[in-house]
S.K.: 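This is the structure, below, for whatever I ask next.
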Amino acid sequence: MAERGYSFSLTTFSPSGKLVQIEYALSAVAAGAPSVGIKASNGVVLATEKKQKSILYDETSVHKVEPITKHIGMVYSGMGPDYRVLLKKARKLAQQYFLVYQEPIPTAQLVQRISSVMQEYTQSGGVRPFGVSLLIAGWDDACPFLFQSDPSGAYFAWKATAMGKNYMSGKTFLEKRYNMDLEVDDAIHTAILTLKESFEGQMTEDNIEVGICTETGFRRLTTAEVKDYLAAIV
Amino acid sequence: MFATQIHGDNGKMKEYHYTGPVEHKFSPYSFNGGTVLAVAGEDFAIVASDTRLSEGYSIHSRDSPKCYKLTDTTVIGCSGFHGDCLTLTKIIDARLKMYKHSNNKNMTSGAIAAMLSTILYGRRFFPYYVYNIIGGLDEEGRGAVYSFDPVGSYQRDTYKAGGSASAMLQPLLDNQIGFKNMEGVQQLPLTQEKAVQLVKDVFISAAERDVYTGDALRICLITKEGIKEETVPLRKD
């Protein structure tokens with residue numbers, strides 16, 4: 001297709017008005033491990049598949065669901081190394097905000113700032129877009145928030161969403177299952193079921209990760225807690 | 001050099017030495033006087049300042065208040081070098097607008113204080129010659145006062161005086177509001193009426209003795225209903 005001829009430079013538009021590198025970055029995300037986010041009435045749930053290529057991996061030493069501040073956390077689909085760069089930047093941005101205002105950064109502000117960073121990498125020389133989409137969950141004042149941030153720098157607020165492999169069927173599943181009165185426990189259950197839809201093989205507490213964000217802050221569930229939720233499904 | 005003889009106080013001749021022409025370096029600062037005061041109550045705050053703007057032995061204006069309204073619940077008092085007071089308040093206003101646009105809400109008093117500290121320290125090596133005191137209501141509706149030095153060191157207080165007559169006002173407030181150096185006295189909480197009267201009294205006293213303080217007193221009373229301004233005349237000499 002004519003598009004191919006315009007994929008050599010990030011900063012060149014194709015005739016149809018697309019920046020092909022960003023499209024390719026989104027393909028990298030769609031090929032990544034599935035992740036799910038659900039906003040409940042009293043919190044937000046993030047979950048992701050963490051399949052290891054070999055049983056020799058020490059899965060406790062690296063995590064996908066990570067806290068940014070006490071009240072905000074995130075997960076991704078796509079390239080792990082790119083994620084770690086953004087995670088570090090997000091943590092620094094959150095602290096910079098606190099330094100000036102002595103107040104914890106509102107979730108929307110953090111998302112806006114990190115998305116701004118991702119956009120910079122689509123309009124600068126010698127760089128490529130980040131190969132990740134982020135799901136950011138936070139709790140400000142009395143409200144839960146769930147945002148998605150894409151390689152293009154676009155960001156969206158969601159009630160529930162899925163990213164990565166088979167995200168379309170994940171989203172369809174969530175459309176049927178989501179309602180406004182879900183509580184965090186139900187949301188965790190629903191998130192795990194959504195992941196199960198596209199999961200190959202047996203789901204255990206070692207090959208998925210779950211994080212929750214409530215009034216008391218953001219935390220990653222322990223493998224023991226995940227095991228309990230899995231037992232409720234099987 | 002020439003030595004011209006002048007009579008001194010005790011009748012003897014005094015030596016006067018002519019040192020030659022002296023070059024004066026340009027000073028980026030000047031002192032425009034003025035005194036500011038802020039008091040925090042249970043559910044109110046007061047920010048008051050005199051309205052005299054001076055330089056040396058001259059008066060630039062008798063009607064230049066040093067209280068600037070920032071939000072519906074926060075007022076800042078700035079005294080020192082008037083040029084820096086104006087620039088600083090403009091910068092604070094701009095930052096408040098930017099925060100409001102991106103955060104969709106007004107800055108709290110505590111956030112304004114923290115931000116001002118970073119703005120002042122940003123000029124650590126060419127400071128804003130301004131003594132700031134912020135007065136307002138905190139997020140729980142209680143009175144809050146934050147006092148600063150020219151390079152951004154700050155803390156939350158119950159009451160604070162700043163500017164040219166601060167050394168005269170502060171000890172009196174320590175005694176009347178802080179009950180310092182008093183024994184066997186019933187420590188009643190400060191009411192709004194008593195606080196306003198106290199502010200008027202201390203400024204009247206300051207105007208008696210400090211040449212840079214006088215003309216009029218502007219009082220900003222901050223409550224959850226909003227900000228009320230009151231102007232009271234002071235000595236004009």
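Just so you know, these numbers come straight off a predicted model, no measurement behind them. Convention: sequence-line order gives letters A, B, ...; per-chain numbering from 1.
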S.K.: How about Tyr121(B): does its OH atom have over 12 heavy atoms from other parts shown lying under 6.0 Å from it?
M.R.: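 Incorrect, the count does not exceed 12.
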S.K.: Using only non-hydrogen atoms and a strict under-4.5 angstrom cutoff, which residues of residues 86-110 of chain A touch chain B?
M.R.: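 The stretch touches chain B at Tyr97(A), Leu99(A), Val100(A), Tyr101(A), Gln102(A), Glu103(A), Pro106(A), Gln109(A).
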S.K.: In terms of heavy-atom contacts, does OH of Tyr131(B) have more than 12 from other residues, nucleotides or ligands at under 6.0 Å?
M.R.: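 It does not: Tyr131(B) OH has 12 such atoms or fewer within range.
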S.K.: Is the count of non-hydrogen atoms from other residues, nucleotides or ligands lying under 6.0 Å from Lys97(B) atom NZ greater than 12?
M.R.: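 No.
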S.K.: Counting heavy atoms not belonging to Glu55(B), are there more than 12 under 6.0 Å from its CD?
M.R.: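 Enclosed: over 12 neighbouring heavy atoms sit under 6.0 Å from CD of Glu55(B).
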S.K.: Give a yes or no on this: more than 12 heavy atoms of other residues, nucleotides or ligands lie within 6.0 Å of atom CD of Glu230(B).
M.R.: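 More than 12 within 6.0 Å, yes.
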S.K.: Does a sphere of radius 6.0 Å around OH in Tyr212(B) hold more than 12 heavy atoms from other residues, nucleotides or ligands, not counting ones at 6.0 Å or beyond?
M.R.: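 Atom OH in Tyr212(B) is not packed in, count stays at 12 or less.
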